[in-house]
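Here the structure comes first, spelled out in structure tokens, and everything after it is commentary.
Order of the sequence lines fixes the chain letters, A, B, ..., with proteins taken first and strands second; residue numbering starts at 1 for each chain. FYI, side chains are in, hydrogens and waters are out, and symmetry mates aren't considered; it's all heavy atoms of this structure.
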Protein chains: 2
Amino acid sequence: MAYRATEKTEARKIAARERIAGAALDQVSEGGYASAGVQAVADRADVAVGTVYRHFPSKADLFAEVFRRAAQRELDVVKEVTEADGRGARERCAAGVEAFCRRALAGPVLGYAQIAEPVDPAVESERLRLRRGYRDLFVAALEDGVQSGELEPHDSQTVAAALVGALGEALVGPLSRRECQSEALVATLVQFCENALTKRVTA
Amino acid sequence: MAYRATEKTEARKIAARERIAGAALDQVSEGGYASAGVQAVADRADVAVGTVYRHFPSKADLFAEVFRRAAQRELDVVKEVTEADGRGARERCAAGVEAFCRRALAGPVLGYAQIAEPVDPAVESERLRLRRGYRDLFVAALEDGVQSGELEPHDSQTVAAALVGALGEALVGPLSRRECQSEALVATLVQFCENALTKRVTA
DNA sequence: CCATCCTGTGAATCATGGTTCACTTCTTCA
DNA sequence: TGAAGAAGTGAACCATGATTCACAGGATGG
């Protein structure tokens with residue numbers, strides 16, 4: 001036995017993997033998935049295409065992982081603001097909506113890529129997971145609202161999904177036109193969200 | 001000069017074209033765009049692939065046309081109900097929402113294909129047109145509502161887009177699971193829509 | 001009836017872009 | 001130092017599915 005992986009080589013390996021994943025994310029953030037071929041990623045990471053395949057079993061796996069990570073970051077932000085307690089359900093949803101919008105508008109190309117750009121099936125399934133993630137955050141807030149008597153009972157799953165869809169669709173236009181300075185847009189969507197949630201009529 | 005197109009041959013040509021377009025629509029309605037290769041369409045129309053290309057310059061053109069026609073049908077239905085006058089803006093929107101949902105749920109595969117299934121760019125641009133179409137119908141109703149004093153002034157474009165997105169997202173789940181008997185779902189979405197539109201507070 | 005033009009045919013072709021793999025380079029340790 | 005395993009390379013390869021095109025089969029009208 002004349003070779004064994006050591007800490008240094010292990011670190012180097014992980015670093016290379018990270019560099020590739022980072023390059024892939026950069027590529028998507030800059031030019032969307034349309035621009036993100038394996039060759040382009042490899043070039044950006046300063047490695048050969050074959051090297052990409054030393055670290056990821058396929059392009060689909062690479063981008064699924066990249067999407068998942070970026071998605072998790074977004075989700076964490078929204079989770080943070082929707083779960084802050086000591087506030088009502090509508091307020092929490094509104095805060096989530098606002099965070100969602102601001103994040104998307106801050107990085108329009110990546111925002112568009114995550115929300116709407118055509119992607120291959122493996123990535124699409126990550127996108128569905130992301131949407132479910134957002135939806136579940138809203139569901140949690142809504143159900144708390146129903147529990148506490150703040151909101152009228154309703155189908156939280158559907159309402160939460162509708163909110164997620166509303167934000168996506170309302171943002172796609174501006175995002176694809178790179179109109180990212182829209183304070184008014186955010187306000188409109190927050191308002192929309194607050195309206196959509198029926199306050200309990202205390203008879 | 002020994003040949004000139006006559007009425008009969010012209011009719012035959014149009015018929016063939018229609019048969020191909022019909023086959024393409026059937027294929028999409030039954031198996032979605034994923035199943036709709038040129039070969040599959042040709043088989044279904046009982047012609048050779050080459051014949052498809054006699055009538056359509058490319059697959060993209062064929063499916064763009066097929067999508068456009070199906071989209072127009074849907075749009076006409078929603079237009080009909082949202083433009084019926086003698087009713088308030090919220091009522092008109094609610095009627096549009098209901099029609100939209102029922103139509104989609106009645107043909108879930110086609111509904112899904114029109115709303116969410118991945119398609120090539122030419123078809124995607126028809127889908128954007130369809131979405132804009134729905135949005136504009138809602139915009140019209142909303143602006144009438146503002147004019148008449150029924151609704152608080154607001155950014156109708158954004159609100160209407162949000163409504164369209166809300167419906168799409170809320171329906172995608174059920175549609176892809178073929179859960180089409182959902183009276184409750186329609187009711188929830190109509191309610192959601194009505195809530196979202198702010199009634200004018202007459203001080 | 002035949003010259004001409006059109007429609008139908010489907011196997012061959014092509015374009016795209018992901019994936020492989022024989023080879024080189026580097027690292028480890030006896 | 002050299003044997004052995006791992007990582008890096010990139011041109012060749014391959015899969016998919018749209019598109020073409022040379023040829024066959026029908027109309028049309030002089």
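- Rounded to a whole Å, the CG atom of A:Leu62 is 14 Å from the C1' atom of C:dT19.
- OP1 or OP2 of D:dT9 sits under 4.0 Å from a side-chain N or O of A:Thr51.
- Put simply, CG on A:Asp46 is 9 Å from P on D:dT9, counting in whole angstrom units.
- When rounded to the nearest whole Å, the span between NE2 of A:His55 and P of D:dA6 equals 14 Å.
- Within the 4.0 angstrom heavy-atom criterion, only backbone atoms of the sugar-phosphate kind lie near B:Val47; the bases stay farther away.
- Closest-nucleotide positions on DNA chain D for A:Val52 and A:Ala5 were compared, and the one nearer the 5' end corresponds to A:Ala5.
- Out of D:dT28, D:dT9, C:dG10, the shortest distance to the side chain of B:Ala48 is found at C:dG10.
- The CZ atom of B:Phe63 lies 7.5 Å from the CD atom of B:Gln27; values are rounded to the nearest 0.5 Å.
- Within 4.0 Å of A:Gly37, counting heavy atoms only, lie sugar-phosphate atoms of the nucleic acid but no base atom.
- Across the protein-nucleic acid pair, A:Asp120 atom CG and D:dA15 atom P stand 19 Å apart, rounded to whole Å.
- The residue among B:Ala36 and B:Thr6 whose nearest nucleotide of DNA chain D lies closer to the 5′ end is B:Ala36.
- Across the protein-nucleic acid pair, A:Lys13 atom NZ and C:dT28 atom C1' stand 15 Å apart, rounded to whole Å.
- In this structure, B:Arg12 places its CZ atom 15 Å from C1' of C:dC5, rounding to the nearest Å.
- For B:Val49, the side-chain atoms get nearest to C:dA11 when compared with the rest of C:dG18, C:dG8, C:dA11.
- A side-chain donor-acceptor contact under 3.5 Å links A:Ser58 and A:Asp61.
- OP1 and OP2 of D:dG17 both lie 4.0 Å or more from every side-chain N or O belonging to B:Lys59.
- Atoms CD (A:Glu7) and C1' (C:dT27) sit 15 Å apart, rounded to a whole Å.
- Within a 6.0 Å radius of CD in A:Glu179, more than 12 heavy atoms belonging to other residues, nucleotides or ligands are found.
- No side-chain donor-acceptor contact under 3.5 Å links A:Ser35 and A:Glu30.
- Considering only side-chain N and O atoms, A:Arg54 lies nowhere under 4.0 angstrom from the phosphate OP1 or OP2 of D:dA6.
- In this structure, B:Tyr53 reaches the D:dT19 phosphate: one of its side-chain N or O atoms is under 4.0 Å from OP1 or OP2.
- Counting heavy atoms of neighbouring residues, nucleotides and ligands inside a 6.0 Å radius, atom CD of B:Glu80 does not exceed 12 of them.
- Residue B:Ala60 is out of contact with every strand shown, counting any heavy-atom pair closer than 4.0 Å.
- Distance from the side chain of B:Tyr3 is smallest to D:dT28 among C:dT28, D:dT19, D:dT28.
- In this structure, A:Lys8 places its NZ atom 17 Å from P of D:dA6, rounding to the nearest Å.
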